[in-house]
Every structure is written in structure tokens, then in C-alpha cells.
Amino acid sequence: MFALVAGIYIHIPFCRKACYYCNFHFSTSFQIREEMIQAMLKEISLQAAYLKNQSIETIYFGGGTPSALPTENLQQLLEEVKTNFKVIGDAEVTLEANPDDITVESLKQWKEIGINRLSIGIQAFQDELLTNWNRSHSSAQGLSAIALAQEAGFGNITADLIYGGPGLTDEDWLSNIQRLVDSDIPHISSYALTVEPNTVLAHQIKKGTSSEPDDELANHQYEILQAKLKEAGFIQYEVSNFAKPGMESKHNKNYWTGAHYLGIGPSAHSFDGVSRQWNIANNVKYIKALESGEIPFEKEELTKTQQFNELVMTGLRTSMGIDAQRIAILGESYTSYLKSEIQYHMDQGKIVINAEGNYSLKPAYYFFADGIASDLFFVEAAPETDLS
Amino acid sequence: MKNFRNFCVIAHIDHGKSTLSDRLLEITKTVSMRDMKAQTLDNMDIERERGITIKSHAIQLYYTRPNGEVFTLNLIDTPGHVDFSYEVSRSIAACEGALLLVDATQGIQAQTISNLYLAIEHNLEIIPVLNKIDMPNAMVEEVTDQIIDLVGIPKSDIILASGKTGEGVDKILEAIVEFIPPPKGDPAAPLQALIFDSVFNSFRGVIAYYRIFNGTIKKGEKVRFVNTGNEYHADEVGVLQMSQVPKNELSAGNVGYIITGIKESKEIKVGDTITVAAHPCKEAIKGFEDVKPMVFAGLYPIQNEDFEDLRDSLEKLQLNDASLVYEPETSIALGFGFRCGFLGMLHLEIIQERLSREFNQEVITTVPNVSYRAYTKRTGLMVINTPNDLPDPTMVDYIEEPYIHAQVITKPEYIGAIMTLALEKRGNLTHQHYLTTTRVELSFDLPLAEIVFDFYDRLKSISRGYASFDYAPKDYRKSDLVKLDILLNGEPVDALSSLVHREKADAFGRKICAKLKELIPKQQFVIAIQAAIGAKVIARETISAMRKDVTAKCYGGDITRKRKLLEKQKEGKKKMRQIGNVDVPQKTFFEVLKLD
């Protein structure tokens with residue numbers, strides 16, 4: 001059976017500047033920072049039972065921009081987690097950090113409070129692109145941030161890169177990948193630029209001041225990424241994540257493998273194996289609710305069919321594949337449904353049965369994982385009865 | 001008999017026929033205000049929604065004149081669309097008079113005129129009524145002139161009315177008894193009754209509506225339907241009020257119904273003559289035609305396993321719509337389905353809609369085509385109802401296609417654009433006639449196949465809605481036709497094949513490829529769309545592969561959002577049909593014809 005590992009995600013909903021493509025939840029006003037930290041501390045203690053005493057193997061500060069917080073706030077949150085949960089000794093503790101927050105001093109502090117993994121938001125090494133996206137750092141700051149972190153003793157570093165955006169040529173793209181490879185970090189995450197609703201980018205495209213990302217270009221650059229990183233010794237363990245052997249992000253991997261996790265902070269998501277819930281994405285309302293001792297969240301209990309669909313969707317994104325054991329637990333009818341539906345994609349040579357005995361997507365087709373997942377989804381209302 | 005009046009209403013869609021009919025029912029107290037659903041006579045849902053009468057109905061009213069004399073009025077409703085012109089002609093043949101109802105805000109429309117001519121041909125007394133005079137945009141003077149020009153009657157004979165307010169309705173009733181002649185006929189002569197409509201009732205079977213010209217129809221007698229030769233027992237006869245009122249007998253001049261236990265409406269042919277088997281009439285009432293479907297299309301279930309359900313639904317539909325014909329056919333692209341025949345394009349749409357609404361059955365409709373006649377060198381005439389039946393070109397001597405006689409009424413400023421459209425549609429102008437200085441009637445001979453493809457929409461748009469259209473089948477003419485095939489990634493899609501005129505094949509092929517490119521969503525691979533005549537590819541489009549959906553950053557464990565997105569995507573895919581490896585949305589097969 002699968003190991004029961006659990007993680008805690010802590011969402012820091014503040015940024016100094018709004019990146020034009022980002023639709024995650026954050027505010028650029030730090031005025032209510034103290035109240036926010038107090039609310040989050042309260043949420044941690046209120047949720048002490050959520051993970052049912054499972055060992056916490058990963059803690060992840062995401063955002064927003066967690067590196068923009070004073071270290072003592074990060075420390076308070078970490079301590080509160082440790083007080084309320086059983087955190088293992090060598091837990092993976094990740095901090096998302098923007099290059100402009102990375103200094104010798106901040107690195108030293110982070111290390112002291114127990115941060116042992118950094119996720120650096122590099123995105124690109126072209127100043128023009130960084131400006132276009134309203135990033136808060138320069139290309140030079142990106143490079144020096146990695147070097148500083150390494151000098152400070154952070155070996156476990158990941159960096160983000162964006163591809164497929166207007167203005168990023170194939171040459172730029174190759175050189176961006178090469179710089180990360182040369183910097184000798186063990187993990188890289190890379191995402192295609194997508195236009196999300198209610199972002200500055202979406203508005204610019206609507207007005208015609210920015211052009212739409214080109215699907216063909218994105219696919220091409222994705223192929224370059226896969227080839228380059230394979231050559232450099234990275235393993236693609238998830239559609240957007242690449243790591244040197246043994247250096248996968250435990251925390252992110254948990255999302256795709258059905259591990260339980262608790263999300264703290266506004267808009268954070270939690271999963272306890274049978275239901276998913278997410279906190280309100282509004283800083284003031286979040287604080288108000290917690291001041292009165294309430295956690296403001298919405299929740300959905302997953303039906304067997306929804307669990308099946310999630311297993312298919314997440315499984316196809318990883319090299320581990322669709323977990324055959326978990327599907328089997330849902331019932332024989334799901335196993336046979338999947339078997340019959342997947343045959344077409346196997347005939348096409350897109351899906352194989354891997355060493356673990358799971359259906360897995362060949363890396364050459366990762367770019368179509370979502371489309372193939374939805375092919376395999378079960379959405380019919382009628383047969384639901386005999387399937388669940 | 002002298003106190004009977006049989007009449008119908010000739011009107012264009014939306015000119016207020018149903019509202020006026022309601023008002024007549026109300027004023028004669030045939031139906032009380034309380035029982036009245038708006039537009040009582042149109043009792044199919046689709047009819048009420050579309051505001052048109054698809055099938056005709058009949059109702060009996062009792063009108064008491066101011067002097068106390070009581071009259072029996074049989075109002076025979078007529079279908080309001082061009083596809084049903086034969087049924088209209090039978091309804092007209094059952095009457096002695098007609099109300100010519102014209103919308104004062106719209107003026108006379110093509111269909112009204114052709115039905116009016118039909119009524120005049122049958123010697124009906126015409127009572128012109130100018131309706132909707134209460135509307136602020138009513139053009140009373142202008143439309144009055146149009147009516148005078150058309151019918152040649154004094155201005156004073158035109159009744160000004162409003163179905164909505166009830167104004168003028170009393171005058172209409174008076175005019176009906178005053179001017180429409182009473183029916184003639186001999187109650188003692190052998191029975192001659194004209195069937196002008198039939199309806200299906202799931203408990204009673206098929207109910208035929210008729211008008212008796214001579215003789216008497218009696219309950220319990222054995223009757224014969226002259227044209228089909230079938231004999232039945234008259235289980236029940238009666239008159240049509242808000243419900244059926246059984247009678248022991250009905251005589252010449254009256255309108256009524258008969259129930260004989262017939263289970264399928266195709267046994268009853270509109271236009272047939274009912275007589276008594278023991279003393280049959282010498283001859284049938286003239287004008288009977290066995291109406292043949294004009295437009296054919298394949299109907300396929302979205303899921304192959306729903307084939308039997310579709311068969312059941314079509315069977316049930318045919319029970320009350322005898323003009324629908326169908327037979328099983330197989331398509332390589334779509335599997336098992338039915339080739340169905342319709343009276344016209346609207347009829348096709350109505351059937352599709354009724355399948356969806358009454359039977360919850362969504363279907364894929366293939367490219368419609370008309371019925372062609374191929375004369376082969378060896379076997380002679382072959383009727384071609386599907387492009388795939390066309391024999392090898394080397395075997396064919398020649399092909400004929402059906403032509404229609406079309407009438408368009410419009411404003412003079414649109415003549416040029418309409419003539420251009422008609423020419424493009426291989427039509428030729430046979431007649432041009434100014435009804436008034438602002439209204440002109442154009443007559444064309446036109447291949448029926450050309451109105452199947454995007455004709456109505458284009459006529460409407462080039463005339464900004466100021467053109468009305470009517471047609472009647474005319475004849476068959478020789479034509480140079482080729483079979484145009486559509487291929488997706490090299491696989492021919494039989495359901496998209498069509499027969500087109502050789503000269504138009506190139507342009508048509510290009511348009512259809514371009515339209516398919518719009519309709520078929522991007523998929524995980526490149527899709528080539530080709531149009532070909534035989535082995536010769538005449539047009540091509542390419543749909544590039546879809547490259548987008550996967551790599552958006554999934555926010556900190558937000559699995560739900562992505563799952564919901566993909567569930568929605570899957571719902572969309574379920575509405576598609578896989579052809580070769582290409583997912584084709586079901587609407588493609590029908591929408592592909594809506595070319596600009």
C-alpha cells in the first residue's frame with residue numbers, strides 16, 4: 001500500500017508587486033500583515049486534528065511572496081505548526097522566494113529557523129520580459145540569488161521558468177534553461193505562460209497591447225525543455241517538474257499522489273483523502289472569521305467517480321502513472337471502465353503500463369495530459385449507480 | 001344546411017391568425033375566458049413557441065346573429081408554412097370562404113398571396129381583414145391599397161380589426177354569415193367526404209377530419225377511403241368543438257371527425273375521399289395527391305446503442321405526422337441510423353426538435369439532399385435519396401433534379417440583390433409584378449436543392465427581412481451533378497457527402513472545408529479536411545493541433561478546479577462523434593450547411 005505522508009501548505013497572501021499573468025490570491029498591501037499572521041496562527045491550532053495525527057513530512061510556504069515576510073513571522077508560523085503537529089525531524093521545509101528578497105542576511109535567518117529548501121521565482125533571464133511581466137527583480141538578481149543561496153549552504157534549490165510567452169525566442173529559452181543547468185541546482189519547475197481571467201495580461205490581450213501566447217510555440221519550447229533537461233541528467237517526474245535523482249519536491253509530489261495535506265491561510269486548499277476544502281480567498285474576511293474563531297472555507301465530499309477522475313488526472317501528470325491499486329479500491333467496475341477506455345490511447349502508443357503496473361503517459365505526450373485525462377473521465381450520470 | 005358556414009383563415013406567420021381565432025372562439029362563447037390558453041388552436045408546444053401552425057385543426061362555433069338566428073361556423077385552420085402547401089390546399093378545398101388576414105404593420109407577404117390565389121382558384125368567397133390596426137406602426141392606408149390591388153374589391157369591404165383588442169371581430173362574424181355562401185350538397189346522395197387533416201391520439205388511434213360534400217356519414221357504418229381502397233368500421237363520428245362531440249350522423253355541408261381504430265396515421269392520406277362501402281360514390285373528390293417527401297437527410301443517434309430508441313421515437317412521430325418517412329440506413333461514419341424524408345427544411349427542423357423535446361432524443365442530422373432521378377443506361381430510372389446511392393458516373397445516362405416555382409414579395413429596392421441571389425442559385429425569373437408601388441412580386445423557377453442550402457437566411461439578410469418567400473414543387477429537369485466527398489485525415493465521411501451542380505462544386509467544396517475548420521475543435525493532432533470529386537481533391541483546410549491545456553500552474557493543491565474544468569471538457573466530448581480518429585461535434589453535420 002501507499003505510504004501515508006502528510007504535508008502542510010502555508011499561504012502568504014502578500015506581494016510587493018502584482019505579476020501581470022498571476023491570478024493566485026495575494027494583496028500588495030502589507031498593512032494587515034500582523035493581523036494576518038495572528039489569524040493564521042489561530043487557524044493552525046484550530047486545525048490541529050485535521051491530519052489525524054499523521055506525521056508531517058513537508059511544510060511549504062507559498063504565495064504570494066513568503067520571502068517578503070519578516071523572518072520572525074515565518075518562524076512564528078513554523079513553531080505553531082510544530083506545536084500542533086507531529087513534524088518529523090528531517091521534514092522538507094520549502095520557502096518560495098523572489099530573487100530580490102535573497103540576501104546573505106535573509107538566507108542566514110531562513111536557515112536558522114529551519115528552512116531547508118528554496119523555490120526561487122526566476123521565470124526568465126531577459127530584463128525586457130521581466131519588466132513586461134511586472135516582476136520585481138532583474139535578470140542579474142536572478143543569477144546572483146541562486147549563487148548566494150548556494151554559498152549560504154542551500155543545496156536543495158528549485159527555480160521556476162516560464163515559456164511560451166510572447167517575446168521569448170527559442171534562443172532565449174535555450175539559454176535560460178542552460179543557465180539553470182549550469183548553476184547546478186537539482187530541481188527545475190517550468191510552466192507555460194497562460195492567460196488567466198481577471199489578470200492584467202488578459203486585459204492587455206483584450207485591448208490588443210499584448211499578443212496571445214502561441215500554442216505551437218509553447219509546445220515547441222516544451223519539447224526543447226524536455227530534451228535539454230534529460231540531457232543534463234534531470235528526471236521529469238511530473239509534467240512541469242524536473243529533478244536530479246532523489247531531489248524531487250516531496251511536497252508537490254504529494255498533491256499528485258493522493259497524500260493528505262492541510263492548507264493554512266486565505267485561499268489555501270486542504271485534502272483529507274475523501275474531501276477537499278478551500279479557504280476564502282479574501283484577506284479581510286479571512287481575518288475577521290478567524291478573529292471570531294471560525295475557519296471560512298468551502299468543502300466538497302468526493303464521490304467515488306470524482307475520486308476516480310482525480311486519480312486519472314493526477315496520475316497522468318506523473319511518471320508514476322495512474323495508481324492501479326487506488327483505482328481498484330474504488331471498485332472493479334472502475335478498473336474495467338478505465339481498461340476499456342484507455343485501450344484507444346494505448347493503441348495509439350501514448351500510454352504504456354509502467355514498471356509499477358500503472359498506466360502512464362509517455363513523456364512525449366505529457367503536453368496533452370489534460371486532454372487525454374478528460375477522454376478517460378467518467379461523467380455520465382446514469383451508470384453512476386452501478387459504479388458507486 | 002343554409003345556416004352552415006365553412007371557412008378558413010389565410011394569413012402569414014405572425015399576422016395574428018391564432019389570436020383572431022381565439023377571439024372568435026371567445027366571442028361565440030365556444031370557449032370561456034377562463035379555459036382559454038392563449039392561442040387555443042395551436043396546441044403543439046413547438047407551434048406555440050414558434051408562433052406558427054404546423055398542422056391544421058378544425059373547430060365548430062355557434063354564432064347568434066343580432067336578430068337571434070343561430071349559425072354553425074366551421075373554422076378550418078391552415079398550416080402556416082411553405083413546406084405544407086398541399087395540406088393548405090386541402091383545407092381550402094373544404095371551405096366556401098376565407099378570411100384574408102393581413103397584418104397592417106407588415107403588409108402582404110408571399111405566402112399569403114399564393115394561398116389567396118389557391119382560395120380564388122377554389123372559388124372561395126374572400127373576406128379581407130386588416131389586422132393589428134391598434135398598433136402604432138400600422139400602415140392602414142398603404143396595406144389597404146395592397147389588398148384592393150390584389151382582390152379588387154371596394155375599400156369599404158375591408159374589415160378593420162384587432163385580434164388583440166377584439167375590435168372588428170363582430171363585423172367579421174357578420175361578414176362570414178352574410179357573404180360566404182352556405183354549403184351545397186345532397187344529404188341523400190352517396191357519401192363524399194374530403195379528409196383535410198388527421199391527428200393521432202394514443203388512446204383512440206388516428207382521428208380523421210373531413211368535410212362532407214354529399215351524403216351522410218353514420219356511426220357504425222362501414223366506410224371506404226377511396227384512394228387507398230381501405231375499408232373501416234366507423235366506430236365514432238362527431239363534430240369538433242373544444243373537445244370531440246360524438247353524433248349519430250353528420251350530413252352534407254358539415255365538418256367532423258371519424259374514429260375507426262386505425263393505429264397508424266400513414267393509412268390516412270390527406271385529400272382522400274371517405275365514402276360508404278355499401279353505396280360508394282361514383283368518383284373521388286378531385287385534387288388528391290400522394291405527397292412525396294422533398295428533402296432527405298440521415299438521422300443518427302449520438303450513441304450507437306440508442307438506435308432502437310430512435311426507431312421507436314420515429315415510429316411514434318409518424319403516428320401523427322404521416323408526411324414523415326424513414327428507412328434504416330448505415331453510415332460508415334455514423335453507424336446505424338435512418339434516412340428520413342421530409343416535406344421541406346422546416347419540417348426537418350420540426351422533427352429534430354420534436355425528437356429532442358418529446359422523446360429526449362438528440363440526433364445527428366446529415367447533410368440534407370433533395371430526391372434526384374438518375375436514368376441509368378441499363379436499369380432505367382433510379383430514385384436517389386442519398387448521395388451514396390448515386391451509381392458510378394459511367395453508368396448514368398443523365399440525372400434530373402426537382403425544380404420549384406418560387407414567389408418572393410419584397411420592396412423594389414431589394415430586387416437587384418434578390419435577382420443576384422436567385423441567379424447564383426441557378427434560378428430564372430419567370431415573372432415580375434408590382435403589387436403596389438412599394439411592393440413587388442418576383443417569380444422564379446429554382447432547383448429545390450438550392451433552397452436547402454442557406455437560401456432562407458440569405459434572402460432574409462439581403463432584404464433586411466423585407467422579403468417573404470413561398471414555393472410549390474414544379475417539375476424535374478436535367479442537371480449536371482457531381483458527388484462531392486469530404487475527407488477528414490484521408491477518411492471519407494459519408495455523412496458529409498453531397499450532390500452538387502458541377503459548376504458550383506469548387507466553390508462549394510472550399511466553403512464547406514472552411515466551415516468545417518470553424519466547427520471542428522482543435523485536437524491532439526493535425527487534422528486535414530479535404531473536399532474531393534472522385535479522386536480529385538478540390539479544396540483543403542488544416543486544423544492545427546491543440547497545444548494548450550496542460551501546463552498551467554496548478555495552484556497549491558487546487559485539484560478541484562482542474563478536475564471540474566476537465567469534467568466540463570469531457571461533457572463536451574461526449575457530444576461529439578468520432579470519425580476515424582477525429583472528434584466531430586454533432587452539430588457539425590447540420591451547421592456545416594449554414595454557409596455565408
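Order of the sequence lines fixes the chain letters, A, B, ..., with proteins taken first and strands second; residue numbering starts at 1 for each chain.
Residue-environment remark: CG (A:D347) exceeds the threshold of 12 foreign heavy atoms within 6.0 Å. Heavy atoms of other residues, nucleotides or ligands lying less than 6.0 angstrom from CZ of B:F336 number 12 at most.
Using a 4.0 Å cut-off between charged nitrogen and carboxylate oxygen, A:E196 and B:R561 count as a salt-bridge pair. Remark: A:R276 does not engage B:D558 in a salt bridge, criterion side-chain N to carboxylate O under 4.0 Å.
The two residues B:K570 and A:S374 make their nearest non-hydrogen contact at CD-O, 2.7 Å. Nearest heavy atom pair, residue B:I559 against residue A:Y255, reads CD1-O, 3.7 Å.
A:L217 does not touch chain B: none of its heavy atoms, backbone or side chain, sits under 4.5 Å away. A:D375 touches chain B through backbone and side chain together, each having a heavy atom under 4.5 Å away. With a threshold of 4.5 angstrom between heavy atoms, A:Y365 does not approach chain B through any atom at all. With a 4.5 Å cut-off on non-hydrogen atoms, A:F377 touches chain B through its backbone and its side chain both.
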Could you please spell out the steps behind the side-chain contact (heavy atoms from CB on, under 4.5 Å) verdict for B:T560 and A:W278? CA-CA 10 Å; B:T560 308; A:W278 48 94; 3.7 Å; yes
If you apply the rule side-chain contact (heavy atoms from CB on, under 4.5 Å), what do you find for B:S544 with A:E216, and how did you get there? CA-CA 9 Å; B:S544 59; A:E216 303 283 329; 3.4 Å; yes
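Atoms CD and CZ, on A:Q307 and B:R563 in that order, are 9.5 Å from each other to the nearest 0.5 Å. To the nearest 0.5 angstrom, A:Q306 atom CD is 6.0 Å from B:E567 atom CD. Between A:T314 atom OG1 and B:K562 atom NZ the span is 11.5 Å, to the nearest 0.5 Å.
By the side chain to side chain donor-acceptor pair (under 3.5 Å) test, B:D494 pairs with B:S331, sequence neighbours left out.
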